[in-house]
Amino acid sequence: MANKLISEIPLPKSIANVFSARNISTAKDALTLTEFELMELLDVGLTEVRSALSQISEIVAPPYQTALSLMEQRFQNEHLGGHFPTGLKGLDAALCGGIPFGVLTELVGPAGIGKTQFCLKLSLLASLPTNYGGLDGRVIYIDVESKFSSRRLLEIGLRSFPEIFQMKEMAQEMAGRILVLRPTSLAEFTQSLEQIKVSLLQKQVKMLVIDSMAALVSGEPEQGARRQQTLSWHISFIKSLAEFSRIPVVVTNQVRSRNHDDASRYSFQVQSRDGAIGTTMQYDSHLVAALGIQWAHAVTTRLVLEAKSGERFIKVAKSPISPPLAFPFHITSSGISLLSDDGKEVMGPEINAIHCQGHNEIINFGMEGLH
């Protein structure tokens, strides 16, 4: 709107002619000058200048919206957005319905905490018919670390939806809707994204899962700024896929030690108050998400999976619509289940800390350029 022509704005003809004669042709040209500069340039009084600027601003400035009008607009456009239920009642309530459409949702946590289990359950749910709460479509699952298990997928399906998965034909149809890609490099991943874009244009795919983005980046020889540039391109592409397709996009991320001294590099060993060396079975190790700040800004919702004090938790660490909440969970034959639907509010920096008590597989893969 800043480039709107002055001639298209209904100013008094006398003042519009002066603007034209002085080569001020767009709204931007006029609004970047002070009132006194315009008075001198146009040779008119302060009253005329202020009136003209007021009219120009009113035309080119975006109109304000109230919270009520934004809420009404959201309900009207729900068919273009909305949320996909995870089946975890408390988490879905916190996220106003589940995983949001059209943006990136990140699952971050240490190895073995349950990220892939969560992705398998979401993929299964998305493939189900709509009368079972599914999206009745295909899912593209990018399995970078070869952790996808069709056997585990069918077990989750059989335990969660026996009426569907006890029938061999139906079980095969649901499993056949989940397309697994296993790129071994960023170059192959880029090719996969191009293929995905075609499928999305054909309206065949209803969910995209990338498990995991950090593993892809860590396998590349490029370091520092070059690696950051490569990651930036992929972040932009994945975000654009989510935005134009309006589907849920779920991406897993690994963790790194908070500091780079020896103690954090060997975070399976921590020192107790009396100086004794212990293991993560007894003490927590404080970690942060890998891939750095640029990636953190790209994701709209960040769910942290962690282990602390003998329990596993899912934390809503970042969301535009939810307070920072933590839900205890466990993993059963039917997938991830919440132990309580009542989330506990987490205050201060603790919401971004990642604990991995009892988990030794901490990822430190030389991502100094991505912190």
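The first residue in the sequence is number 1, and the count goes up from there.
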State, yes or no, whether a side-chain contact exists between Cys356 and Leu287 at a heavy-atom distance under 4.5 Å. yes
Side chain Lys206, main chain Gly134, donor-acceptor under 3.5 Å: no
For residues Pro110 and Ile113, report the shortest heavy-atom separation together with the two atoms involved. O-CG2, 3.1 Å
Minimal non-hydrogen separation, Phe84 against Pro248, with atom names: CB-CG, 4.0 Å
Can you name the nearest heavy-atom pair linking Met207 to Leu122, along with the distance? SD-O, 3.9 Å
For atom CG of Asn131, decide whether the heavy atoms of other residues, nucleotides or ligands shown that lie under 6.0 angstrom number more than 12. yes
Contact check, side chains of Leu31 and Ser57, non-hydrogen atoms, under 4.5 Å: yes
Do Ser25 and Ile6 come within less than 4.5 Å of each other through their side chains, counting heavy atoms only? no
Drop me the distance from Leu33's CG to Glu40's CD, to the nearest 0.5 angstrom. 11.0 Å
Are Ile351 and Leu107 connected into the same hydrophobic cluster when the rule is that any two of I, L, V, M, F, W, Y join if their side-chain heavy atoms are below 4.5 Å apart? no
Please tell me if the side chains of Leu128 and Asp136 come closer than 4.5 Å, counting only heavy atoms from C-beta onward. no
For residues Ile142 and Pro183, determine if any side-chain heavy atom of one lies less than 4.5 Å from a side-chain heavy atom of the other. yes
Give a yes or no answer on whether the side chain of Glu188 reaches the backbone of Thr184 with a donor-acceptor pair at less than 3.5 Å. yes
Close side-chain approach of Val251 to Val299, heavy-atom, < 4.5 Å: no
Between Asp143 and Phe148 (side chain of the first, backbone of the second, donor and acceptor by atom type, cut-off under 3.5 Å), is there such a pair? yes
Please tell me whether Leu91 and Val103 are part of a single hydrophobic cluster in this structure, the criterion being side-chain heavy atoms less than 4.5 Å apart. no
Are Leu124 and Tyr132 in one and the same hydrophobic cluster, where Ile, Leu, Val, Met, Phe, Trp and Tyr link if side-chain heavy atoms are under 4.5 Å apart? yes
With a 4.5 Å cut-off on side-chain heavy-atom distances among I, L, V, M, F, W and Y, is there a chain of contacts connecting Met167 to Met174? yes
Pairing residues for Thr116 by the side chain to side chain donor-acceptor pair (under 3.5 Å) criterion, not counting sequence neighbours: Asp211
Rounded to the nearest 0.5 Å, how far apart are CD1 of Ile156 and CZ of Arg151? 13.0 Å
Salt bridge (Lys or Arg N to Asp or Glu O under 4.0 Å) for Glu306 and Arg312? Distances and angles first, verdict last. CA-CA 6 Å; Glu306 66 174 7; Arg312 300 186 191 214; over 6 Å; no
Apply side-chain contact (heavy atoms from CB on, under 4.5 Å) to the pair Phe165 and Leu154, showing each step before the final yes or no. CA-CA 8 Å; Phe165 284 85; Leu154 291 174; 4.1 Å; yes
Donor-acceptor contact below 3.5 Å, side chain Lys318 vs main chain Ala296: yes
If two hydrophobic side chains count as joined below 4.5 Å and joins carry through other members, does Leu338 share a cluster with Leu125? yes
Residue pair Gln254 / Val108, side-chain heavy-atom distance below 4.5 Å: no
Exam field: side chain Lys315 to backbone Leu305, donor-acceptor pair closer than 3.5 Å: no
Please find the pair of heavy atoms, one from Ile336 and one from Gly114, that lie closest to each other, and give the distance. CD1-O, 3.5 Å
Between the side chains of Arg177 and Glu173, is the shortest nitrogen-to-carboxylate-oxygen separation below 4.0 Å, so that they form an ion pair? yes
The reported gap from NE2 in His297 to CD1 in Ile235 (rounded to nearest 0.5 angstrom) is 10.5 Å
To the nearest 0.5 angstrom, please state how far the CG atom of Leu38 sits from the CD atom of Glu48. 12.0 Å
If you apply the rule side-chain contact (heavy atoms from CB on, under 4.5 Å), what do you find for Val205 with Ile196, and how did you get there? CA-CA 8 Å; Val205 177; Ile196 291 168; 5.6 Å; no
Mind checking the CZ-CD1 spacing from Phe19 to Ile56? Nearest 0.5 Å is all I need. 4.5 Å
Donor-acceptor pair between Asp29 and Thr26 side chains, under 3.5 angstrom: yes
Salt bridge between Glu35 and Arg50, side-chain N to carboxylate O under 4.0 Å? yes
Donor-acceptor contact present, side-chain Ser240 to main-chain Phe237, <3.5 Å: yes
For the pair Arg152 (side chain) and Leu120 (backbone), establish whether a donor and an acceptor sit closer than 3.5 Å, ignoring hydrogens and angles. no
Salt-bridge contact Lys197-Glu194 (side-chain N to carboxylate O under 4.0 Å): no
With no hydrogens and no angle check, just 3.5 Å: does a side-chain donor-acceptor pair link Thr301 and Glu106? no
Between the side chains of Glu145 and Lys147, is the shortest nitrogen-to-carboxylate-oxygen separation below 4.0 Å, so that they form an ion pair? yes
Between Lys308 and Ile354, is there a donor-acceptor pair closer than 3.5 Å when you use the side chain of the first and the backbone of the second? no
Verify, without hydrogens or angle tests, whether Ser123 (side chain) and Cys119 (backbone) share a donor-acceptor contact under 3.5 angstrom. yes
d(Leu303 CG, Lys115 NZ) to nearest 0.5 Å is 12.5 Å
Correct closest heavy-atom pair for Ala94 and Leu325 would be CB-CD1, 3.8 Å
Answer yes or no: are there more than 12 heavy-atom neighbours, outside Arg159 itself, under 6.0 Å from its atom CZ? no
Before you tell me yes or no, could you show the steps for Gln166 and Leu158 under side-chain contact (heavy atoms from CB on, under 4.5 Å), namely the whole-Å CA-CA distance, both residues' side-chain angles and the distance that decides it to 0.1 Å? CA-CA 7 Å; Gln166 282 178 351; Leu158 186 60; 3.6 Å; yes
For residues Trp295 and Met213, determine if any side-chain heavy atom of one lies less than 4.5 Å from a side-chain heavy atom of the other. yes
Do any N or O atoms from the side chain of Ser51 and from the backbone of Thr47 form a donor-acceptor pair under 3.5 angstrom? no
Test of ring centre spacing under 6.0 Å for Phe189 and His234: yes
Between Val250 and Phe118, does a side-chain contact (heavy atoms from CB on, under 4.5 Å) hold up when you go through it step by step? CA-CA 10 Å; Val250 178; Phe118 202 166; over 6 Å; no
